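Chain letters run A, B, ... following the sequence lines, proteins first and then strands; every chain starts at 1. In this text the structure is predicted, and so the values were computed from the model without any measurement.
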Amino acid sequence: MGKQSGPRMTLPTQLVLRVLLAEPTQEMYGLQICEAAGLPSGTIHPILARFEGLGWLESRWEDIEPEEEGRPRRRYYRLTEDGADRARIALAQATTSVSTLGLRVRPATGGQA
Amino acid sequence: MKGLTHSLNQREILGQQLYRMRESRGITVEQAAEALRDSRSKISRMEHGTVDFKERDVGDLLTLYGVTDSEERARLLNLARETNTPGRWRGRARVVPLAARLLTAAAYPLPDGDRVRYAEEYRAELWDLAQAGAGRIRQLRYALRQLRNALPTGFALRSLRRRSAAP
C-alpha cells in the first residue's frame, strides 16, 4: 500500500512549483504566480499556505509604506533553498505530470528583491 | 493627479489599519459599534474605506483599541482629516466595495494568527486587479474564489500548525 507522503501533487500544485522553480531566487506575489502559471486568480492560497507551512516557501511583506505609496503592500513568496530541492524532487516524482500534458508555463516577470 | 486620487487611497489605507488594530486586539465589530454608538455596518464601511471618516469616530476607536501614544493618534487623526478632501476622480479604476467585503469574509475562517495577514494580502491583490483594469465582475469573481478557498486555506494552515505543535 503506497502511502503518499508530502503534499498532493495536483496539477495546480505542480504548475505553481514550476513557476517558482523557473526563477528560484526571485520573489513573487500571489497574483504574479497565478498569472505565470495560467491559473485563475484567488485559487492558489491553499497551495501557498501549505508550502509555507512545510518550510518550502518563505514570505514577507513588501517593504513600502502604504500611506506614502497610496497602495497596499504586497506579500512576496520565495522558495527556500531546501524547498527548491524538495520541489524539484516532488515534481520529478509526480505521476501525472504537467510535462506529459504539454502545458507550458509562462515566464515570470517583475518582483522586487 | 495624485492629489485627486489620494483621498480615495487614504480612506482604504486608514480603514485597513483600523481593521488590523481591531482584529489584533480581539475586539468585535459589535464592540466597536457600541463605542461609536453606531451600527455594525458603519464600522464595516469605515474599515473598507467606503465612507468619509469623522475625526471623532476615529478618535473613539483609537481609545477603544488602546492607542494612547499621542504621536500615533495624531498621525491617524491627520490621515482621517486628509480623507475628507472633497472631489473624487470617477475615471480611475476602483476597488469594488462588495468584493472587498467578501475578501474580509474569506479571511474570517482562518486561524486567529493568520487572519489579519491574509485579509491584507487579499486586499492588496484586489487592489492590483482593480489597478490593472479589472471591472466589477472580475473583482467579484476573484473575491468569490478566495471565499470558496477559505476552508482549504484554513485547513492547510491548521493542519500544519497541529503538526508543528506535536512533541
Side-chain angles (χ1 to χ4, degrees), chain A residues 4-10 12-13 16-17 27-78 80 83 86 109-112, chain B residues 2 5-10 12-14 16-17 75-76 78-79 82 95 99 102-103 106-107 110-111 114 117-132 134 138-164:
Chain A
Q4 197 185 12
S5 60
R8 278 178 59 226
M9 285 288 125
T10 63
T13 303
V16 167
L17 290 180
E27 285 180 308
M28 300 175 74
Y29 55 98
L31 262 190
Q32 225 182 345
I33 299 169
C34 270
E35 201 185 325
L39 292 167
S41 58
T43 58
I44 66 167
H45 275 94
I47 299 171
L48 297 176
R50 196 179 312 129
F51 287 124
E52 195 174 351
L54 287 171
W56 294 25
L57 279 182
E58 57 192 5
S59 73
R60 66 171 185 93
W61 287 115
E62 186 180 13
D63 192 14
I64 60 153
E65 284 297 327
E67 285 160 44
E68 286 172 20
E69 298 291 320
R71 64 174 178 85
R73 52 185 185 166
R74 295 167 178 149
R75 189 80 184 181
Y76 281 111
Y77 293 85
R78 176 167 51 187
T80 59
R86 291 178 187 271
T109 55
Q112 301 154 33
Chain B
K2 194 185 179 188
T5 62
H6 213 52
S7 61
L8 190 58
N9 301 346
Q10 296 288 60
E12 287 165 348
I13 288 162
L14 177 56
Q16 182 80 18
Q17 293 201 30
R75 185 179 67 82
L76 292 163
N78 202 42
L79 208 61
E82 282 179 20
V95 166
L102 288 171
L103 288 177
L110 302 180
D114 298 306
R117 170 255 171 106
Y118 280 96
E120 196 176 338
E121 188 171 343
Y122 296 164
R123 283 287 276 106
E125 293 201 333
L126 185 65
W127 177 271
D128 277 332
L129 285 170
Q131 284 302 103
R138 266 192 71 199
Q139 290 189 39
L140 286 172
R141 220 178 265 157
Y142 166 76
L144 287 170
R145 287 190 208 116
Q146 285 290 19
L147 198 51
R148 226 180 295 141
N149 279 297
L151 289 183
T153 305
F155 182 74
L157 292 167
R158 282 191 181 86
S159 64
L160 291 159
R161 200 141 294 159
R162 234 181 286 131
R163 204 182 298 173
S164 62

Is the shortest side-chain heavy-atom distance between A:S59 and B:R117 below 4.5 Å?
yes
Which bit of B:E120 is near chain A, if near means a heavy-atom gap under 4.5 Å: side chain, backbone, both or neither?
both
Under a 4.5 Å heavy-atom cut-off, does chain A meet the side chain of B:Q16, its backbone, both or neither?
neither
Can you name the closest pair of heavy atoms from [X] and [Y] and give their distance?
{"X": "B:I13", "Y": "A:R71", "value": "CD1-N, 4.0 Å"}
{"X": "B:L157", "Y": "A:A49", "value": "CD2-CB, 3.8 Å"}
{"X": "A:W61", "Y": "B:E121", "value": "CH2-N, 3.8 Å"}

Main-chain N/O of B:A124 paired to A:R74 side chain as donor or acceptor, under 3.5 Å:
no
Donor-acceptor under 3.5 Å (B:N149 side chain, A:G42 main chain)
yes
Check ion pair A:E65-B:R75 (N to O, under 4.0 angstrom):
no
Would you mind checking if B:E125 and A:R75 are paired as a salt bridge, meaning a charged N to carboxylate O distance below 4.0 Å?
no
Under a 4.5 Å heavy-atom cutoff, which of B:L151, B:L79, B:L144 has the most pairs with chain A?
B:L79
To the nearest 0.5 Å, what is the distance between CH2 (B:W127) and CG (A:L31)?
14.0 Å
